[in-house]
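Side-chain atoms are counted along with the backbone in the values below, which use heavy atoms only and exclude waters and symmetry mates. In what follows, chains carry the letters A, B, and so on, assigned in the order in which the sequence lines appear, proteins first and then strands, with residues in each chain numbered from 1. All values reported here derive from a predicted model rather than from experimental measurement.
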Number of protein chains: 2
Amino acid sequence: MKVSELSRASGISVATIKFYLREGLLPAGDPTAANQASYGPAHLHRLRLIRTLTHVGNLSVVQTRAALAAIDDPALSTHDILGVAIDALPHALERADASEDGAQARRDADEFVDSLGWQASPGAPARAVLADALLALRQLGREVGPDVFAPYADLADALAAQELATIPADAPRDETVEAAVIGTVVFEAVLVALRRLAHGHHSAQRFATPNGPAASR
Amino acid sequence: MKVSELSRASGISVATIKFYLREGLLPAGDPTAANQASYGPAHLHRLRLIRTLTHVGNLSVVQTRAALAAIDDPALSTHDILGVAIDALPHALERADASEDGAQARRDADEFVDSLGWQASPGAPARAVLADALLALRQLGREVGPDVFAPYADLADALAAQELATIPADAPRDETVEAAVIGTVVFEAVLVALRRLAHGHHSAQRFATPNGPAASR
DNA sequence: TCCAATGGATAGTCAAACTATCTAAAAGTA
DNA sequence: TACTTTTAGATAGTTTGACTATCCATTGGA
């Protein structure tokens with residue numbers, strides 16, 4: 001396959017394919033001459049994976065490169081790779097920690113995570129996200145403890161157990177790994193979308209005015 | 001309160017406060033002279049709300065303005081406002097629809113959403129997200145039908161019902177509205193963070209190699 | 001043969017979210 | 001009152017991320 005064909009097959013412009021090549025997301029094709037290389041189905045698959053991570057999973061190019069590098073490294077276990085995906089959280093800007101309230105939120109969030117008995121590294125971005133959430137709720141006037149997270153933790157626990165159970169533990173590493181990463185990233189988008197839709201559904205039951213603009217929703 | 005004081009109290013630079021003022025996210029202060037205005041606690045609260053939506057909820061400035069405008073419009077019901085938050089989905093880039101496979105994914109996603117019996121507008125971004133997810137899974141080699149979403153829909157349904165139940169239906173509109181928006185946006189971040197943490201926990205059980213880098217995670 | 005396509009390098013674009021500078025005037029301070 | 005600081009408002013500049021476009025010296029294919 002030539003670039004132009006790869007481009008047509010993937011729906012991604014040649015310029016963008018070259019960009020992914022430059023950025024190290026896509027391996028180079030087999031060089032057949034000084035200015036010619038041929039690409040195989042693996043390249044097409046890789047492009048789709050890149051687009052899934054960037055466009056569906058909202059990973060940045062840098063995060064995508066890290067995730068792909070982990071997938072490619074045969075020395076890493078599936079668990080290690082999941083770790084990369086987990087650490088590639090979209091946000092986690094460390095808003096907390098700056099103020100005393102922020103530091104308190106961070107301590108509360110850490111304590112909550114640890115109380116779950118899940119081993120999570122002290123630097124896991126998810127901790128910062130929880131701390132930020134807690135800080136935001138408090139600054140907006142809600143007097144909440146870390147236990148507001150409890151129902152979500154139960155849910156997440158059950159969900160993760162179920163999701164990981166669908167991944168065969170004895171399949172070839174490549175398949176396992178890709179299934180795990182895809183599952184983490186695309187079903188996150190699915191979950192979020194369905195939750196918002198469900199909010200719309202249930203709020204109609206509780207709050208809708210018969211003649212408001214909501215009637216058309 | 002003067003800008004400088006508002007800045008100190010909120011931790012947001014004067015330049016950024018001016019930016020939010022220009023962008024219409026923050027209402028102007030009470031003018032006391034040609035070049036002087038005073039700000040109250042409501043402004044501080046508004047700033048915190050802005051930062052929560054943008055930094056915790058990952059809304060863009062434009063989406064944040066839309067959400068705030070909806071919150072401010074007394075003609076809108078709580079349900080209408082939830083709709084704005086729902087439509088402010090971070091992604092939904094309409095990847096599908098371009099190809100035949102994409103169009104099929106879109107039809108499947110729509111059919112699934114409609115089968116749930118939730119009323120969702122035909123243009124709801126969440127539909128596009130689901131279609132994109134379905135398309136990505138299929139292009140990556142999984143032969144999946146829209147029923148892969150079913151467990152997530154059940155979960156989302158239960159979750160949304162529970163979340164909305166915590167909002168008092170008879171409280172003042174302003175409180176209801178803010179509680180709904182904050183709940184949608186910040187607990188989404190919480191849910192995502194905890195799910196990733198739970199993935200790490202459960203993957204350790206299934207995939208961890210005793211001596212890999214995972215040992216330190 | 002000769003024109004379109006290619007790899008590789010470099011530069012340019014565009015949007016988003018700030019950040020900085022400037023101006024005239026009002027406020028605080030000694 | 002003289003002087004330094006702060007302010008609102010306007011305008012311009014910066015930074016980052018993700019592409020997108022140009023150039024050039026080959027090649028490949030009609």
Side-chain angles (χ1 to χ4, degrees), chain A residues 1-40 43 47 49-68 88-95, chain B residues 1-40 43 47 49-68 88-95:
Chain A
M1 237 190 314
K2 297 188 290 189
V3 235
S4 53
E5 296 170 307
L6 185 61
S7 169
R8 217 169 310 114
S10 64
I12 296 171
S13 75
V14 173
T16 301
I17 291 175
K18 282 184 173 188
F19 170 68
Y20 290 151
L21 247 11
R22 274 201 306 281
E23 293 292 316
L25 304 192
L26 186 68
D30 265 355
T32 61
N35 63 344
Q36 223 76 29
S38 86
Y39 304 85
H43 287 94
L47 274 181
L49 184 55
I50 292 169
R51 280 309 239 233
T52 299
L53 294 179
T54 55
H55 285 52
V56 179
N58 282 315
L59 298 200
S60 70
V61 165
V62 171
Q63 292 169 330
T64 301
R65 177 171 45 222
L68 293 172
L89 269 173
H91 7 62
L93 298 171
E94 318 269 341
R95 286 208 313 145
Chain B
M1 236 191 312
K2 297 187 289 189
V3 234
S4 53
E5 295 171 308
L6 185 61
S7 169
R8 216 166 314 114
S10 64
I12 296 172
S13 75
V14 173
T16 301
I17 291 174
K18 284 183 172 189
F19 170 68
Y20 290 150
L21 246 12
R22 276 200 306 279
E23 291 294 315
L25 305 192
L26 187 68
D30 264 356
T32 61
N35 64 345
Q36 223 77 28
S38 85
Y39 304 85
H43 287 94
L47 274 180
L49 183 55
I50 292 169
R51 281 308 240 234
T52 299
L53 295 179
T54 56
H55 285 51
V56 180
N58 282 314
L59 297 202
S60 70
V61 166
V62 171
Q63 291 169 331
T64 301
R65 177 170 46 221
L68 292 172
L89 269 173
H91 7 61
L93 298 171
E94 317 270 341
R95 285 209 314 145

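Nearer to the 5' terminus of DNA chain D, by closest-nucleotide assignment, is the contact made by A/R22 (compared with the other of A/R22 and A/A33).
For B/T16, whose side chain is taken as the heavy atoms from C-beta onward, the closest listed nucleotide among D/dA18, D/dT7, C/dT19 is C/dT19. Here the nucleotide nearest the side chain of B/H55, chosen from C/dC18, C/dT6, D/dC19, is C/dC18.
Listed for the A/H43 side chain is a donor-acceptor partner under 3.5 Å among the backbone atoms of A/P27. Remark: side-chain polar atoms of A/H55 are not paired, donor with acceptor, to backbone N or O of A/T52 under 3.5 angstrom. In this structure a side-chain-to-backbone donor-acceptor pair under 3.5 Å is present from A/E5 to A/K2. Between the side chain of A/R65 and the main chain of A/G24, no donor-acceptor pair closer than 3.5 Å is present. Proximity of a side-chain donor or acceptor of A/S7 to a complementary backbone N or O of A/I12 within less than 3.5 Å is detected.
In this structure, A/A34 reaches the sugar-phosphate backbone alone: every heavy-atom distance under 4.0 Å involves primed, P, OP1 or OP2 atoms, never a base. Here B/A28 lies out of heavy-atom contact (under 4.0 Å) with every strand.
Put simply, CD on B/E5 is 14 Å from P on C/dA27, counting in whole angstrom units. Straight-line distance from the CZ atom of A/F19 to the C1' atom of C/dA11: 14 Å, rounded to whole Å. Between the CG atom of B/L25 and the C1' atom of C/dC18 there is a distance of 12 Å, rounded to whole Å. When rounded to the nearest whole Å, the span between CZ of A/R65 and P of D/dA18 equals 10 Å. What separates NZ of B/K18 from P of D/dT7 is a distance of 9 Å, to the nearest Å. When rounded to the nearest whole Å, the span between CG of B/D30 and P of D/dT7 equals 16 Å. Distance A/K2 NZ to D/dT26 P: 20 Å, rounded to the nearest Å. B/M1 places its CE atom 12 Å from the P atom of D/dA8, with the value rounded to the nearest Å.
Between B/S13 and the phosphate of C/dC18, there is no side-chain N or O to OP1/OP2 separation shorter than 4.0 Å. Distances shown here put every side-chain N or O of B/T32 at or beyond 4.0 Å from the OP1 or OP2 atom of C/dA26. Residue A/T54 has no polar side-chain atom (N or O) positioned under 4.0 Å from OP1 or OP2 of D/dA18. Not one side-chain nitrogen or oxygen of A/Y39 sits closer than 4.0 Å to the OP1 or OP2 atom of C/dT6. Checking the phosphate oxygens (OP1, OP2) of D/dA18, no side-chain nitrogen or oxygen of A/Y20 falls inside 4.0 Å.
Taking 3.5 Å as the limit, the base of D/dA8 and the side chain of B/N35 contain no donor-acceptor pair of atoms between them.
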